[in-house]
Amino acid sequence: MDELRKKVRVFSLYTRLFILILQFVCNWVIPDHQAGVFQWTLDPKWEPTVLDRVFGYLLDGLIRWDAHHFLHIAHHGYTFEQNLAFFPLYPLLVRTLASLLFWMQSDYMFISFVTTLKISAVLISNGCFILATEAIYDLSRKVLKDEYLAYKSALFFAINPASIFFSAPYSESLNALLTFFTMTKLAKAFSTKTCISISLASATRANSVLNAGFVVYNSLKIVATETIIFVRTKKLAKEKAEISTTIANILGDALIPGLLNLVGCVGSFVVFQYFCFTNFCRVTKKNPVDVESYVVDYGRSNLLKVVGDDPSPWCQYEPPMAYSYIQQVYWNNGFLQYWDAKQVPNFLLAVPALAMVFYHTYNFVNSHWDYVKRVGLVDNNLLGMPRRPCLDVRQHRVLPRECLVYVVHATALGIFALFFMHVQVVTRFLMAGSPILPWLAAIMTTRSGKEGVPLCEGNSQEVLMKIECRSNLLSNTDTILFQEKLDTDTARWVMMFFLGYTLVGTILFCNHLPWT
């Protein structure tokens, strides 16, 4: 519905403004913590202009932790082996926009290229976040088939507990936009758009390679449907059942487009690994002299491997894949590597997101067991059997059975984060790659007796009033999210999780204190 889509867009814009103002105030009031981590390497001879200082004062609270890596890559390229953990699409977009902005004012030199990089990164992150909020709204309508839940899910995404990472120079917003867009289009059919978007997502974050699972599942679903239709047709009317038609449909609708999408998804990852190999294994014979001297000096003083140095052991791997080596050596990621007594506080930070996903997965399997054991591939209607009535999602606080593939995907992300990663990042890991947490938040905070609102393509006032009150539709910030009564402890806990993590996370992050 256009009216609700506009409301979602405006609300997400105001949440970004709130985050930007909050980070500025907290960065100004609270002294920065010296974290002793990688820093974006700037020319010591650089003399900032007055506007450079002003923008630095406004935006430097966002340039923390991994943001330094992204901006360093956008500025200097992949100069250190450690940078290879960060995929290229986001820094490439930042550099492209920064070059344009710098060129537009190069005759006046109001701001330096360094500042245009900061501005570009913040604009791209926040712009992509607003678009991602619209994308998850469209995806939610497509999958949940409920105007109310789709709208509420988008509102929850706008205040998600990892909000600061979607405004800072991180790739989360871009990845969420591309992933949700891909999921929406895949829910309809394979297309050129899905092939391009799934490829771009894999060029943004490594975990987007798991989106290949959606391609495989959709292909299998088409194959199963076409096969069942052929078998049923053959039984009912033998002369009308043609195997050639079934094979043509399977090839044209599932296998060939599915394979192209799969190649696009995995291909981006492979191409980046090839880039890493050619640049850091001396294939292109790069030398440190090709890099600015102050960048090399920073690398040497911090014991970083500079492009052109002696190749690392991963260059001898078969195949020579840098990503797993970089994660293990520089971030200590790997199976149970993070399971240490001193990391208990970080595990506690991850508990809310993991608990929501794992507990729901358990309930989902129990509630939709007949559907789950058929992997959602076989429709009873196609078999000539009566379809079992679906459970009321509000009454049982469980997603519809059509969400099976999304539940499996989110569970896989959660398990991987729990056993192989710095577990505290799981909140933003899930928010940037899966719609499950906003969907669960929408369901868990909705009264069990509230009726569903079927999809409506127009702007019917009657339907709108079932979702949002008239005064809220006219307001930029007022929504049902903060006005509806939360009738269970679980609902109050979910709301506290989303709002609490948004506030505390922003305060800690902008002062270089550890967070998710």
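Just so you know, these numbers come straight off a predicted model, no measurement behind them.
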Output, in order, the C-alpha distance, side-chain angles, deciding distance and verdict of side-chain hydrogen bond (donor to acceptor under 3.5 Å, both in side chains) for Q424 and Y338. CA-CA 10 Å; Q424 70 270 23; Y338 209 60; 3.1 Å; yes
So does [Y] get a backbone contact from the side chain of [X], meaning a donor-acceptor N/O pair under 3.5 Å?
X: K7; Y: S475; result: yes
X: S120; Y: L117; result: no
X: N211; Y: A201; result: no

Check the angle between the aromatic planes of [X] and [Y] and answer parallel, tilted or perpendicular using the 30° and 60° thresholds.
X: W339; Y: F419; answer: parallel
X: F157; Y: F166; answer: perpendicular
X: F498; Y: F156; answer: perpendicular

What verdict does the side-chain hydrogen bond (donor to acceptor under 3.5 Å, both in side chains) test give for Q273 and Y323, after you've listed the backbone C-alpha separation in whole Å, the side-chain angles of each residue and the deciding distance to 0.1 Å? CA-CA 7 Å; Q273 296 311 300; Y323 186 74; over 6 Å; no
Do [X] and [Y] have side-chain heavy atoms sitting under 4.5 Å apart?
X: N175; Y: S208; answer: yes
X: N476; Y: L13; answer: no
X: L399; Y: L144; answer: yes
X: H512; Y: W65; answer: yes
X: N511; Y: P31; answer: no
X: F272; Y: Y78; answer: yes

Looking just at side-chain N and O atoms, do [X] and [Y] make a donor-acceptor pair shorter than 3.5 Å?
X: Q82; Y: Y330; answer: no
X: T411; Y: T361; answer: yes
X: R16; Y: S125; answer: no
X: N302; Y: Q39; answer: no
X: S312; Y: E81; answer: yes
X: S202; Y: S268; answer: no
X: T479; Y: N472; answer: no
X: T41; Y: H76; answer: no
X: Q23; Y: N27; answer: no
X: N346; Y: Q343; answer: yes
X: H75; Y: W40; answer: yes
X: N160; Y: Y501; answer: no
X: Y90; Y: E172; answer: no

With a distance cut-off below 6.0 Å to the six-membered ring centre and an angular limit of 45° from the axis, does K450 pair with Y148 as a cation-pi contact?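 Yes, cation above the ring, under 6.0 Å and within 45°.
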Y170 six-ring centre to R428 NZ/CZ under 6.0 Å and within 45° of normal: no
Stepwise, does the ring-ring contact (aromatic ring centres under 6.0 Å, His included) test hold for F86 with W331? CA-CA 12 Å; F86 303 91; W331 273 272; 5.6 Å; yes
Steps toward side-chain hydrogen bond (donor to acceptor under 3.5 Å, both in side chains) verdict (N83, H69): CA-CA 6 Å; N83 299 145; H69 284 280; 3.1 Å; yes
Would you say the rings of F38 and Y298 are close, in the sense that their centroids are separated by under 6.0 Å?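 Yes, the ring of Y298 comes within the 6.0 Å limit of the ring of F38, centre to centre.
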For Y14, look at atom OH and say whether over 12 heavy atoms of other residues, nucleotides or ligands are found less than 6.0 Å away. no
If the threshold is 4.0 Å, N to carboxylate O, is there a salt bridge linking [X] and [Y]?
X: D60; Y: K118; value: yes
X: R141; Y: D138; value: no
X: K152; Y: E484; value: yes

Would you name the heavy atoms of W439 and S153 that are closest together and state the gap between them?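 For W439 and S153, the tightest heavy-atom pair comes out as CD1-OG, 3.3 Å.
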Ring pair (Phe, Tyr, Trp, His ring centres under 6.0 Å) test vs Y406 passes for just one of Y217, F214, F364, namely F214
